[in-house]
Amino acid sequence: MATLFFHEMRYDVKNPRSEHADRFILSKGHACPILYAAWEEAGLLSHDDVLTLRKINSDIEGHPTPRLNFIDVATGSLGQGLSCAAGMAYTGKYIDKASYRIFCLMGDGESAEGAVWEAASFASHYKLDNLVAIVDVNRLGQSQATQLGHHVEIYRDRFAAFGFEAIIVDGHNIEQIAAALETARNTKDKPTAIIAKTHKGQGIDGVADQDNWHGKPVPIEKIEAIKARYHGSQKGKLAPKKPIEDAPKVDLHIGSIKMSDPPAYTKGDKVATRAAYGTALAKLGKANPRVIGLDGDTKNSTFSEKLLKDKPDQFIECFIAEQNLVGVAVGAQCRGRTIPFSSTFAAFFTRAADQLRMAAVSFANLKCTGSHVGVSIGEDGPSQMALEDLALFRAIPDSTVFYPTDAVSAERATEMAANIQGIVFIRTGRPALPVLYANDEKFEAGKAKVLRENVKDSIVLVGAGVTLYECLKAADELEKSGVHACVIDPFTIKPIDGETIVKHAKRTGGKVVTVEDHFAAGGIGETVSAAVSDAGIRVRSLHVSGVPRSGPPDDLVDMFGISARHIVEAVKKFH
């Protein structure tokens, strides 16, 4: 840390998040006291600040978060820092084309995480020579020794196999560390991994290299011996290098971003919402050079390939590594450099659930679009069917969840996502279904659309995506028997437009049927029920139950109880 902060890194103490400055990520976030100490030594924090560690009224937290102006991403859920660092490094090299470099300090224990190697593969593939990973090989994990102990040569060989310039150093020898950092500075077309052999509690009798000291304070009787080894603060004597000021100034224009062209469809034309998303993403990329797309080798299914074809420099292929896909996007959005749209099958975002959770802790500006949702994808079968994705993204603090039904609303949802600061999920479908809305229809987050209403209505039907069409079919069938149904398209599942649903439910006898191509937990039925719970309204939920199977889409929609036929039956039984 001393060698990095006062010999190698370039940064501005008065402006820690300068676009020109080198970035530092402490992937082993539990070691944050040394990071706070480094910023105290640099002059940003006072000693009193540092002593508020873990206090409820202090941002000097037990693991670092971007509540502090020198933290870019929250860490501590181990194995994630290198992906974020790789996203920053890709942005620096290929988008900003700037001199700033990225340093990521990792623990040896977290190298057991697969996400580390997803990130390593990505970093070498894209020749991120502005990235330096440092592995603190202190041999000890939380509850026992790590898998590899002090076999630093194995760490070296693994990183070398992944395409890194891998260097072993004595982590307690400043000359060796400085020499390795110089080698990293001069290495071209590949990232560097510095494998530092260290001892936890080095120099402290009875603690050094001993098990069972993770997360524990040093005993009070050891303090005098530590003081004897300490030669006093060098504050003010060691100054960091100034950044090279060559990163471009960026204004993302969040709140005023518009697609280059409006939607251009004809009502009744059959268009999949996943295709409309790709069209909108390409339009956004054309209008704003800082809108970027990322995908996990599904771009010809999510249609994010439309951005790749139009603006190849604004697209990052992350291959089949969804945890890294999300981590790279989180890194790319840091310091307001880009607006990343990550796309894959919605089911595969569940692999990155922890990365998404930590993105929220990082207050990240992240857009995720998941296609191939529900049983309506058909013959590909249950391994590809997203039936938990609404629950996953609804649970994220301050997230926005769009579920557009047709091509026009899908384009508008994508445009709105670019203008919302925070985590946004767009749920897109595989089937090509008729365009419902006019191209000039106005949409708002949290505002539903009423597609059918009549003074004789006696029930409210709420559906989204494929089930909205089933609701419309059911309404037609019910009308033949004299039952009139109000049909509502929620458009956003979070926030849900409870006001509109309550308004129409009250005029129709207080009865609502929700229909969704999703499991019950965390889905449309639950969010509608919560929204109307204080209004004396009863809700019946039709949803997918059990593990689905392969088959034709329409047959599966009927088999799993969410077709028009089942809606009609539910309405007739709803007394």
Side-chain angles (χ1 to χ4, degrees), residues 373-374 387-405 409 413 416 424-425 427 436 443-475 478-479 483-545 561-564 566-575:
V373 299
L387 291 159
E388 314 86 357
D389 52 309
L390 292 177
L392 171 63
F393 282 94
R394 279 185 62 222
I396 294 171
D398 302 317
S399 63
T400 301
V401 178
F402 288 104
Y403 193 174
T405 288
S409 57
M416 277 186 267
V424 180
F425 177 58
R427 192 180 209 232
L436 298 173
F443 291 87
E444 295 179 55
K447 295 294 182 182
K449 293 290 183 183
V450 180
L451 275 73
R452 188 170 298 184
E453 61 179 311
N454 187 295
V455 293
K456 298 180 181 179
D457 291 338
S458 59
I459 191 79
V460 172
L461 305 179
V462 179
V466 66
T467 63
L468 183 63
Y469 296 91
E470 297 299 319
C471 287
L472 291 168
K473 291 178 195 174
L478 288 164
E479 192 171 344
V483 177
H484 294 270
C486 172
V487 180
I488 294 178
D489 171 7
F491 182 55
T492 41
I493 310 304
K494 182 185 178 184
I496 193 75
D497 186 359
E499 182 180 351
T500 294
I501 296 170
V502 168
K503 171 186 169 184
H504 288 278
K506 282 187 171 180
R507 71 173 183 81
T508 59
K511 295 184 291 185
V512 176
V513 174
T514 63
V515 194
E516 59 190 303
D517 198 357
H518 188 274
F519 288 141
I524 296 172
E526 286 196 356
T527 190
V528 169
S529 296
V532 305
S533 60
D534 293 333
I537 292 165
R538 293 179 295 153
V539 179
R540 296 290 183 270
S541 171
L542 301 183
H543 51 265
V544 177
S545 299
I562 56 173
S563 66
H566 290 280
I567 298 169
V568 170
E569 290 176 4
V571 171
K572 289 181 178 179
K573 293 177 180 177
F574 200 165
H575 301 296

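Keep in mind it's a predicted model, so treat the numbers as computed, not measured. Numbering starts at 1 and runs along the sequence shown.
- No side-chain heavy atom of Val401 sits less than 4.5 Å from a side-chain heavy atom of Thr492.
- Considering every non-hydrogen atom in both Pro490 and Gly463, the closest pair reads CD-O, 3.1 Å.
- Here the straight-line distance linking atom CD of Glu453 with atom CZ of Arg507 works out to 5.0 Å at 0.5 Å rounding.
- Between the side chain of Thr405 and the backbone N or O of Gly465, at least one donor-acceptor pair lies under 3.5 Å.
- Between the CG atom of Leu461 and the NZ atom of Lys473 there is a distance of 14.0 Å, given to the nearest 0.5 Å.
- A 4.5 Å side-chain heavy-atom check between His543 and His518 finds every atom pair outside the cut-off.
- With a 4.5 Å cut-off on side-chain heavy atoms, Cys471 and Arg452 do not count as touching.
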Run the numbers on Ile488 and Leu451 for side chain to side chain contact (heavy atoms under 4.5 Å, CB included), then give the verdict. CA-CA 6 Å; Ile488 294 178; Leu451 275 73; over 6 Å; no

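- For the pair Asp389 and Val373, the minimum side-chain heavy-atom distance is below 4.5 Å.
- Between the OH atom of Tyr403 and the CG atom of Asp489 there is a distance of 10.0 Å, given to the nearest 0.5 Å.
- The shortest side-chain heavy-atom distance between Phe402 and Arg427 does not fall under the 4.5 Å cut-off.
- A 4.5 Å side-chain heavy-atom check between Glu479 and Val483 finds every atom pair outside the cut-off.
- Under a cut-off of 6.0 angstrom, the local environment of CD in Glu569 is crowded, with over 12 non-hydrogen atoms contributed by other residues, nucleotides or ligands.
- Using modelled atom types and a 3.5 Å distance limit, the side chains of Lys494 and Ser399 yield a donor-acceptor pair.
- Considering all non-hydrogen atoms of both residues, Gly561 and Leu542 come closest at O-CB, 3.8 Å.
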Is there a side chain to side chain contact (heavy atoms under 4.5 Å, CB included) between Leu468 and Val487 once you walk through the steps? CA-CA 8 Å; Leu468 183 63; Val487 180; 3.7 Å; yes

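- With a 6.0 Å radius and a threshold of 12 heavy atoms from other residues, nucleotides or ligands, Asp398 has its CG atom at or below the threshold.
- Contact detail for Thr400 and Pro495: the closest heavy-atom pair is CG2-CD, 4.4 Å.
- No side-chain heavy atom of Leu392 sits less than 4.5 Å from a side-chain heavy atom of Phe425.
- Smallest separation of non-hydrogen atoms from Gly374 and Leu387: CA-CD2, 3.7 Å.
- The local environment of NZ in Lys503 is sparse, with at most 12 non-hydrogen atoms from other residues, nucleotides or ligands closer than 6.0 Å.
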Would you please test His484 and Leu478 for side chain to side chain contact (heavy atoms under 4.5 Å, CB included) and show each step? CA-CA 6 Å; His484 294 270; Leu478 288 164; over 6 Å; no

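- Between Phe443 and Phe491, the gap from one ring centroid to the other is short of 6.0 Å.
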List the atom pairs, with distances to 0.1 Å, where a side-chain N or O of residues 524-533 and a protein N or O form a donor-acceptor pair under 3.5 Å, not counting sequence neighbours.
residue: Glu526; atom: OE1; partner: Gly522; partner atom: N; Å: 2.9
residue: Ser529; atom: OG; partner: Gly525; partner atom: O; Å: 2.8
residue: Ser533; atom: OG; partner: Ala530; partner atom: O; Å: 3.1

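- What you find for Cys486 and Asp457 is that their closest heavy atoms are CB-OD2, 3.4 Å.
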Determine, step by step, whether Phe574 and Val513 satisfy the side chain to side chain contact (heavy atoms under 4.5 Å, CB included) criterion, reporting the C-alpha distance in whole Å, the side-chain angles of both residues, the deciding distance to 0.1 Å, and the verdict. CA-CA 9 Å; Phe574 200 165; Val513 174; 3.8 Å; yes

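- Side-chain atoms of Asp497 come within 3.5 Å of backbone N or O of Ala448 as a donor-acceptor pair.
- Proximity of Glu470 to Ile567: side-chain heavy atoms (C-beta onward) are separated by under 4.5 Å at one or more points.
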